[in-house]
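For reference, the structure discussed in these notes is given below.
Both counts, for ligands and for their atoms, begin at 1 and track the order of listing. What you are looking at is a predicted structure, and each value in this text was computed from that prediction instead of being measured. This chain uses plain numbering: 1 for the first residue, then up along the sequence.
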Amino acid sequence: MPPEGYVTRFAPSPTGPLHLGHAFSALTAFARARAAGGTFLLRIEDIDRGRCRPAWEAALKDDLRWLGLSWPEPVLRQSGRLPAYRAALDRLAAMGLLYPCRCTRGDIRAALSAPQEGAEGPDGPPYPGTCRGRPMAEAGATDALRLDIAQAAALTGPLTYLETGGEDGPPGPRCEAPAALAARAGDVVLARRDLGTSYHLAVVVDDAAQGVTEVVRGADLIGATMLHVLLQKLLQLRTPSYHHHRLIRDAAGRRLAKRDDARALARYRAEGARPADIAAMVGLRPPAA
Ligand code: GLU
């Protein structure tokens with residue numbers, strides 16, 4: 001049974017060391033759960049088995065515990081959730097909203113005639129629609145599954161969620177017309193051929209299964225949130241509120257990435273930093289014991 005009351009989660013992928021940006025996200029989520037008297041969950045987003053390593057998972061848990069965070073065990077690992085993702089895909093397929101796609105990245109690039117200035121969807125330029133209309137009966141092991149987003153949009157009313165962060169304007173409701181999302185996002189992949197699912201599908205299914213009431217994550221994901229709201233509507237799942245937080249940047253103003261080992265928590269730890277130093281570096285107070 002999911003926990004009651006406020007529930008949030010920190011959902012890293014174990015593909016590299018945690019850096020200051022992750023620390024900020026996890027500390028923010030933990031503090032918001034504490035303030036609400038709610039629950040902070042850790043979720044391991046390891047659907048991409050080729051890139052994830054058990055050693056990174058052990059290291060990230062160690063870093064988070066060292067920072068002063070705690071969470072209920074056992075943690076949910078997405079690699080064990082493929083049947084749940086499959087069930088969601090079956091449901092969308094039964095609604096006639098999925099089609100198999102065999103395009104390679106090169107095919108898609110070639111089909112996009114002009115550079116799509118300003119038309120970046122959550123996964124890049126919208127898919128040109130080459131395979132749209134292919135029947136699901138043709139789906140083979142080498143096909144991805146895409147959402148026919150115009151059809152999906154036609155089934156739903158306005159898309160809304162409550163923003164509790166302040167990165168894209170004052171906190172409050174956010175709204176987008178389904179047709180506007182469809183034009184911006186295009187037919188996104190919901191099941192990659194190599195993974196059988198995708199980030200968008202897995203995150204929506206799991207947030208609902210875990211009873212998450214507020215998603216705390218970086219402002220880089222604002223552009224994907226209405227797509228998540230659309231999927232929630234199609235799958236009849238509750239929409240949580242979203243707290244998109246600022247991104248931690250390096251001295252040159254670039255957001256940190258996993259490859260930025262220089263900003264890895266492990267490195268600061270090895271140099272003798274304490275948890276309070278990390279919190280101060282990202283502009284927070286450390287969690288009270
Ligand atoms: N695994 C995702 C990441 O590391 C989580 C994004 C989210 O919180 O929805 O960026």
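Near Ser13, meaning under 4.0 Å from any of its heavy atoms, are these atoms of ligand 1: 1 (N). Atoms of ligand 1 found under 4.0 Å from any heavy atom of Glu45, numbered from 1 in the order shown, are 1 (N), 2 (C), 5 (C). Atom numbering of ligand 1 starts at 1 in the shown order; those under 4.0 Å from a heavy atom of Val203 are 9 (O).
Heavy atoms of Arg9 come nearer than 4.0 angstrom to ligand 1 in at least one pair. Using 4.0 Å as the threshold, Tyr199 has a heavy atom nearer than that to some atom of ligand 1.
Summarising the local packing, CZ of Arg102 is surrounded by 12 or fewer heavy atoms from other residues, nucleotides or ligands at distances under 6.0 Å.
Below 3.5 Å of separation, one finds an N or O of Ala11 facing an N or O of ligand 1.
The ring-ring contact (aromatic ring centres under 6.0 Å, His included) check on Tyr6 picks up nothing, with sequence neighbours excluded.
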Practice problem: Start with the C-alpha distance between His228 and Tyr199, add both sets of side-chain angles, then the distance that settles ring-ring contact (aromatic ring centres under 6.0 Å, His included), and finish with yes or no. | Solution: CA-CA 10 Å; His228 298 176; Tyr199 161 67; 5.5 Å; yes
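The proximity of Val215 to ligand 1, defined as any non-hydrogen pair under 4.0 Å, does not occur for either the backbone or the side chain.
Note: Tyr242 and His244 have parallel aromatic rings, judged against thresholds of 30 and 60 degrees for the angle between ring planes.
Applying the ring-ring contact (aromatic ring centres under 6.0 Å, His included) definition to pairs two or more places apart or across chains, those involving residues 33-79 are Phe30-Phe40.
Checking side-chain atoms of Arg43 against main-chain N and O of Leu76 turns up no donor-acceptor pair under 3.5 Å.
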